[in-house]
Amino acid sequence: MQLIDSHCHLNFEGLAERLPEVLANMAANQVAQALAISVSRESFEEVLAIAQAHDNIYASVGVHPDREDAKEFSIAEMCAHAAHPKVVGIGETGLDYHWCKGDLAWQQRRFAEHIEAANQSGLPLIVHTRDAADDTLAVMRAAGADAAGGVMHCFTESWEVASAALDLGFYLSFSGIVTFKSASALKDVARKVPLDRLLIETDSPYLAPVPHRGQENEPAYVRDVAEYVAWLRNTTVEEIAALTSENFFRLFPLASR
């Protein structure tokens, strides 16, 4: 069995300072690979350095939508970084209306620029959306995100939003949130998603799944997400591991098997 954590933050406090232990825990839980996600211009080099140092870790390039004053990459810069063999995706990008209020045209512009970088580079998008589903889908349609494809990471939206994302050719990735008792609607989405569009992730060091809730999350715990999704879908963890790994390599073809 091989599992893949399709979204984690290995350079964040709580993981970076104990990276050898984190990687050993991955191996002990049959988590063979992980995608380390860029959220800022400043941290991209940290993420890339981790990916370069470890054959089973890959990186993305992008700027998260949570800070208007964040230093940004130009489209050309993102495309240049996308040419690195360990960079397999564009993002984390998208819209976040939970932490940011007021005129958020700057978020929509930044998101559209990431979509353009994905279309120019040929790499898939890694999309974050929070309290902004309608606008997220609107920007994706207007900017041509369907040409690049990608994943709605840490998916927490309704089946209606899921269907719209699937129609654009996107995958849906489920984090530890799907194991939370309160996430009944999300569990229904996880049951319905076509198996060839399903991914799993930790978003660590956040959102540890049951039975680790309240603890610091890490990529090894993607096994708990896989086991729970397998239970929801009345199948085996081995099947979910195989399907989600195959989906990961199909979405991120530059990652090595």
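No hydrogens, no waters, no symmetry mates; every other heavy atom, side chains included, goes into these values. Heads up: numbering here begins at 1 and tracks the sequence.
- Residues satisfying the salt bridge (charged side-chain N to carboxylate O under 4.0 Å, His left out) test with Glu218, not counting sequence neighbours, are Arg18.
- Side-chain contact check for Phe170 versus Asp146: every heavy-atom pair is 4.5 Å or farther apart.
- Heavy-atom contacts from other residues, nucleotides or ligands closer than 6.0 Å to CD of Glu160 number 12 or fewer.
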Working for side-chain contact (heavy atoms from CB on, under 4.5 Å), residues His9 and Val39: CA-CA 9 Å; His9 300 282; Val39 297; 3.5 Å; yes
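- If you chain together hydrophobic residues whose side chains sit under 4.5 Å apart, Ile177 and Tyr206 fall into the same group.
- Of the inter-residue distances, the one linking Asp96 atom CG with Thr136 atom OG1 reads 9.0 Å to the nearest 0.5 angstrom.
- When side chains are defined from C-beta on, Ile4 does not count as touching Val31, because their heavy atoms never get closer than 4.5 Å.
- When atom types are taken as modelled, the side chain of Arg233 and the backbone of Ile240 share no donor-acceptor pair closer than 3.5 angstrom.
- Side-chain atoms of Ser245 never come within 3.5 Å of backbone atoms of Ala242 as a donor-acceptor pair (strictly under, hydrogens ignored).
- A donor-acceptor pair is defined here as one N or O able to donate and one able to accept, closer than 3.5 Å; no such pair exists between the side chain of Lys86 and the backbone of Ala49.
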Test side-chain contact (heavy atoms from CB on, under 4.5 Å) applied to Thr93 and His64, step by step: CA-CA 5 Å; Thr93 182; His64 195 282; over 6 Å; no
Full working for side-chain contact (heavy atoms from CB on, under 4.5 Å) between Val88 and Leu35: CA-CA 8 Å; Val88 300; Leu35 176 51; 3.6 Å; yes
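- Of the possible polar contacts, none joining the Gln120 side chain to the Ala117 backbone as a donor-acceptor pair under 3.5 Å is found.
- For the pair Val178 and Ala190, the tightest heavy-atom approach, listed with the atom from each and the gap, is CG2-CB, 4.0 Å.
- Using a distance-only test at 3.5 Å, with no hydrogens or angles considered, a donor-acceptor pair links the side chain of Asn56 to the main chain of Ala32.
- Side-chain contact of Asp203 with Ser175: a donor-acceptor pair under 3.5 Å is absent, judged by distance alone.
- Take Trp231 and apply the ring pair (Phe, Tyr, Trp, His ring centres under 6.0 Å) test, not counting sequence neighbours, and it matches Tyr228.
- Across Ile115 and Gly144, no two heavy atoms sit closer than the pair CG2-C, 4.0 Å.
- Judged by distance alone, with hydrogens and angles left aside, the side-chain atoms of Arg257 form no donor-acceptor pair with the main-chain N or O of Phe249 at under 3.5 Å.
- When all heavy atoms are compared, the tightest approach of Ala132 to Leu95 is CB-CB, 3.8 Å.
- In terms of heavy atoms, Asp224 sits closest to Val210 at CB-O, 4.0 Å.
- A 4.5 Å side-chain heavy-atom check between Leu243 and Leu198 finds every atom pair outside the cut-off.
- Lys71 contributes no side-chain N or O that, together with a main-chain N or O of Glu42, makes up a donor-acceptor pair within less than 3.5 Å.
- Residues Ala112 and Val139 approach most closely at N-CG1, 4.2 Å, considering heavy atoms.
- In this structure, Gln107 contributes its side chain and Pro65 its backbone to a donor-acceptor pair below 3.5 Å.
- Once rounded to the nearest 0.5 Å, the distance linking CG of Leu123 with NE2 of His114 reads 12.0 Å.
- Listed here is the closest heavy atom pair of Leu3 and Ala226: CD2-CB, 3.6 Å.
- For Asp55, the CG atom sits in a loose shell: 12 or fewer heavy atoms of surrounding residues, nucleotides or ligands are nearer than 6.0 Å.
- Looking at Ile37 and Val47, their side chains never come closer than 4.5 Å, going by heavy atoms from C-beta outward.
- Ring geometry, His153 versus His7: the interplanar angle falls under 30°, so the pair is classed parallel (tilted spans 30 to 60°).
- Proximity of a side-chain donor or acceptor of Arg41 to a complementary backbone N or O of Glu72 within less than 3.5 Å is detected.
- Taking CZ from Arg110 and CZ from Phe73, the interatomic distance works out to 11.0 Å, rounded to the nearest 0.5 Å.
- Atom CG of residue Asn119 and atom CG of residue Leu125 lie 7.0 Å apart, to the nearest 0.5 angstrom.
- Side-chain atoms of Leu168 and Leu166, non-hydrogen and from C-beta on, never get closer than 4.5 Å to each other.
- In this structure, Tyr221 and His212 have parallel ring planes: the angle between them is below the 30° cut-off, well short of the 60° mark.
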Verdict with supporting geometry, Thr129 and Met152, side-chain contact (heavy atoms from CB on, under 4.5 Å): CA-CA 8 Å; Thr129 183; Met152 309 297 286; 4.1 Å; yes
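- Between Ser173 and Ile200, every side-chain heavy-atom pair lies at or beyond the 4.5 Å cut-off.
- The distance from atom CG of Asn25 to atom CZ of Arg223, rounded to the nearest 0.5 Å, is 12.5 Å.
- In Asp134, the CG atom is not crowded: 12 or fewer heavy atoms of neighbouring residues, nucleotides or ligands sit closer than 6.0 Å.
- In this structure Glu113 satisfies the salt bridge (charged side-chain N to carboxylate O under 4.0 Å, His left out) test together with Arg109, sequence neighbours excluded.
- Cation-pi geometry between Arg130 and Tyr97 is not met: the NZ or CZ atom fails to fall both under 6.0 Å from the ring centre and inside 45° of the normal.
- Taking CD1 of Ile90 as the reference point, atom CD1 of Ile126 lies at 8.0 Å (rounded to 0.5 Å).
- Counting heavy atoms from C-beta on, the side chains of Trp159 and Lys192 come closer than 4.5 Å.
- There is no path of hydrophobic side-chain contacts, each under 4.5 Å, that joins Phe111 to Ile75.
- Using a 4.5 Å heavy-atom threshold, the side chains of Val189 and Leu172 count as touching.
- Side chain of Glu201 to backbone of Cys154: a donor-acceptor contact under 3.5 angstrom is found.
- By the 30° and 60° cut-offs, the orientation of the rings of Phe252 relative to Phe248 is tilted.
- Annotation for Glu13: atom CD does not count as buried by contact number, only 12 or fewer foreign heavy atoms lying within 6.0 Å.
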